[in-house]
Q: 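Have a look at the structure that comes next, please.
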Amino acid sequence: MADSGTGARNAVAATSDAATVPGTAADYGVAGDRGRSAGPVVVGPFASVGRLAQTWADPATGTLGRGPLSQTRLFYAVADGPDGRVVRFSTDLADVAGTGSVPWAAAVAAALAGQPVPMPLTPYEGIFQLACGTTLSTPGGRERLTLDEFDLADLADQARRILGRPTDPRELVRRALQHAVDEALAAAGGCGVLGDGGGLGAAALAAVDPARLRRLHVHLDVPVLDRRRGRLPAGAEVVDGTEHWRRACDDYVVDAADAGDPWPPAPELLRSAGDEAVPLLSGAGLVRLLTGVADTPGRLCTGWRQLTMAAPFPTLFGRPWWRAWSPPRGDAPASPYDHAHPPDDAEALLPGGWISPVVAEAGGAVTSAQTASHLLPLVDDTTGAVPGAEALHAVLDILERPPPAPGNRRIDPVLVCAHPVVLGAAVLLARHGRLQVRRRDGHFQAAPLLHDLVPPGRRPGDVTPDERDGLLAAAFVTRRLVTPAQRAALLAQADGSPWIVHDRLHAALTDPMRMLADARALRRLCVAAACHPDLLATGGRS
């Protein structure tokens, strides 16, 4: 089994004769014969599902591919080399980006505004990652993306062939989870680690195979979060990640403010627990699969249409990136930070009110492309509904998360919810109307199936993931911006930036209550100022 970190990267790199050093990026000539003797290498955490849940590279045919349910990201760049056009690829963004890569201003602006970077973009110009279910073909010195869509009937048949035809939905989910866990643990000595923060998903996975899953919780001395350890099941191993998290805050590493809590744990925390080489499982995706609601689709713009129609990217033919990722049209909704707002307008008091309209403009090419995954099948029946579509949305949203920044080698958990048999089981239940979140007294009833899977007497978690993120942001701000000197240093970094309204930021930093309310945006500003100081000062203008 190859995990989504170093093992997968080395396996992909081994497909090319140009990659003789483990962990480095591989490359091959598009029009030449380099790497033609090498066969395809496929990586992924699951062994028996073919390319549906795997990522592969085949220099012999000139193709890079990522299955619809593959959690292993594949990054690539196309450049002119001495022997013709060359495709560089790796499962680690840092391998392809290197030290001389130019940050894409729109991606930095989107991160500053808290917007995700959709597939296939990365934070760096000229470097892309394959979206789930796409293949990059390079025959004859040209590049073209091809597209694979989900076949829901085939997905459900895969689950039915393995699980049989149980009538009890609880038994259907139990069998699917058992099969996925067995595959994830098969190549690792039969044992794994389950990240347990007290949620329903972790409890359901633990109940499926308690003998082979050690339960690990990362503890933080952060207000409210520190009481979680009192709600953990007996036998759970607690690793104190407080000092690691504080160092991450102090070092200003990209995304490091989240690295300690609670999942996935940083590699050094895993080493301290002796679990660095075993599969990591998490139940967070399972909760979203069975109870989550997909994000609202956004506007379709040129770049996303090109991906959905399997057309080549202009960047691959030497034309500017903005030919593909165009800003919103004139009829797009106005930004909440529009120039029409006077400085003392109520909008200036909202969290992030100090972000200038330039951020919305620079990030428009990114934020306007948010939409539902291109893999969902078109509705072709009279009911106007696709059974299982929400489950597919939830899984694909997890798989198509923004990539980690170069140098960030955090380990992702094995996404059991993305196993085709687990997803097929969800589709089976949806087709029979058994996968619905019912309302009771005007509120959502949480996870009816998962509640039935966990042992009796379980104490539910007291903090949602969104609330936890807010608590971490508040703790980060009170640590990094608590003194006048720290706040003055941040103001000095933002002074003159076209992306920041300086007087509004100053007002937010001088009011302790506003600073806490604005903690998430201030944390993003701190990270952007540390990692991209020149870009923040110029707004991406040369």
Side-chain angles (χ1 to χ4, degrees), residues 93 101-118 121-125 248-249 252-258 298 321-322 325 327-328 332-339 341 347-370 401-406 408 469-470 472-474 476-477 480-481 486-487 489-509 514-542:
L93 178 58
S101 298
V102 178
W104 185 36
V108 177
L112 185 64
Q115 299 290 345
V117 178
L121 296 182
T122 70
Y124 291 87
E125 293 185 18
C249 293
Y252 275 155
V253 180
V254 177
D255 288 339
D258 303 319
W321 60 266
W322 48 263
W325 297 91
S335 164
Y337 312 119
D338 194 273
H339 286 287
H341 294 302
E347 292 285 347
L349 301 177
L350 295 176
W354 41 265
I355 298 178
S356 78
V358 179
V359 170
E361 296 167 3
V366 174
T367 57
S368 63
Q370 294 181 61
R401 289 170 299 182
N408 184 354
D469 183 69
L472 282 172
F476 176 90
V477 167
R480 293 304 308 167
L481 300 175
Q486 290 173 323
R487 295 192 291 271
L490 181 61
L491 280 170
Q493 284 184 286
D495 189 18
S497 172
W499 289 0
I500 306 298
V501 181
H502 194 269
D503 57 345
R504 294 187 186 180
L505 177 61
H506 181 272
L509 291 175
R514 285 186 60 185
M515 193 166 68
L516 283 177
D518 211 11
R520 298 181 197 230
L522 288 173
R523 179 176 62 178
R524 296 195 300 268
L525 174 61
C526 289
V527 174
C531 299
H532 306 286
D534 296 335
L535 204 60
L536 183 66
T538 63
R541 296 191 301 267
S542 58

Q: Just verifying a value: how many Å separate Asp503 CG and Trp354 CH2, rounded to the nearest 0.5 Å?
A: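 Here the rounded value is 13.0 Å.
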Q: Do Leu536 and Val108 have side chains that get closer than 4.5 Å, going by heavy atoms?
A: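 SC-SC contact between Leu536 and Val108 ruled out.
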Q: Hey, could you give me the CZ/CG distance between Arg480 and Leu522, rounded to the nearest 0.5 Å?
A: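 If we round to the nearest 0.5 Å, Arg480:CZ and Leu522:CG are 13.0 Å apart.
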Q: At what distance, to the nearest 0.5 angstrom, does CD1 of Ile355 lie from CZ of Arg504?
A: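 The CZ atom of Arg504 is 10.5 Å from CD1 of Ile355, to the nearest 0.5 Å.
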Q: Please examine the side chains of Leu525 and Gln493, heavy atoms only from C-beta on, and report whether any two atoms are closer than 4.5 Å.
A: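 With C-beta onward as the side chain, the pair stays apart.
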Q: So which heavy atom on Cys249 is nearest to which on Phe476, and how close?
A: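 That would be SG-CD1, 3.4 Å.
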Q: So how far is it from Leu93 CG to Thr122 OG1, rounded to the nearest 0.5 Å?
A: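 If we round to the nearest 0.5 Å, Leu93:CG and Thr122:OG1 are 5.5 Å apart.
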Q: Flag the pair Leu490 / Cys526 as yes when at least one side-chain heavy-atom distance between them is below 4.5 Å, and no otherwise.
A: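 The answer is yes; the side chains approach within 4.5 Å.
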Q: Of all residues at least two apart in sequence or in a different chain, which pass the side chain to side chain contact (heavy atoms under 4.5 Å, CB included) check with Leu491?
A: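 His502, Leu505, His506, Leu509.
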Q: Not counting sequence neighbours, which residues clear side chain to side chain contact (heavy atoms under 4.5 Å, CB included) with Ala109? List them please.
A: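 Ala109 satisfies side chain to side chain contact (heavy atoms under 4.5 Å, CB included) with Val359, Ala362, Trp499 only.
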Q: I'd like to check the side-chain hydrogen bond (donor to acceptor under 3.5 Å, both in side chains) partners of Arg520; sequence neighbours left out, ordered by chain and number.
A: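 Here the qualifying residues are Asp466, Asp469.
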Q: Do Pro123 and Trp104 have side chains that approach each other closer than 4.5 Å (heavy atoms only, starting at C-beta)?
A: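 No; the side chains remain at least 4.5 Å from each other.
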Q: Output all residues satisfying side chain to side chain contact (heavy atoms under 4.5 Å, CB included) with Ala507, sequence neighbours left out; order by chain, then residue number.
A: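 Ala507 satisfies side chain to side chain contact (heavy atoms under 4.5 Å, CB included) with Arg514 once adjacent residues are dropped.
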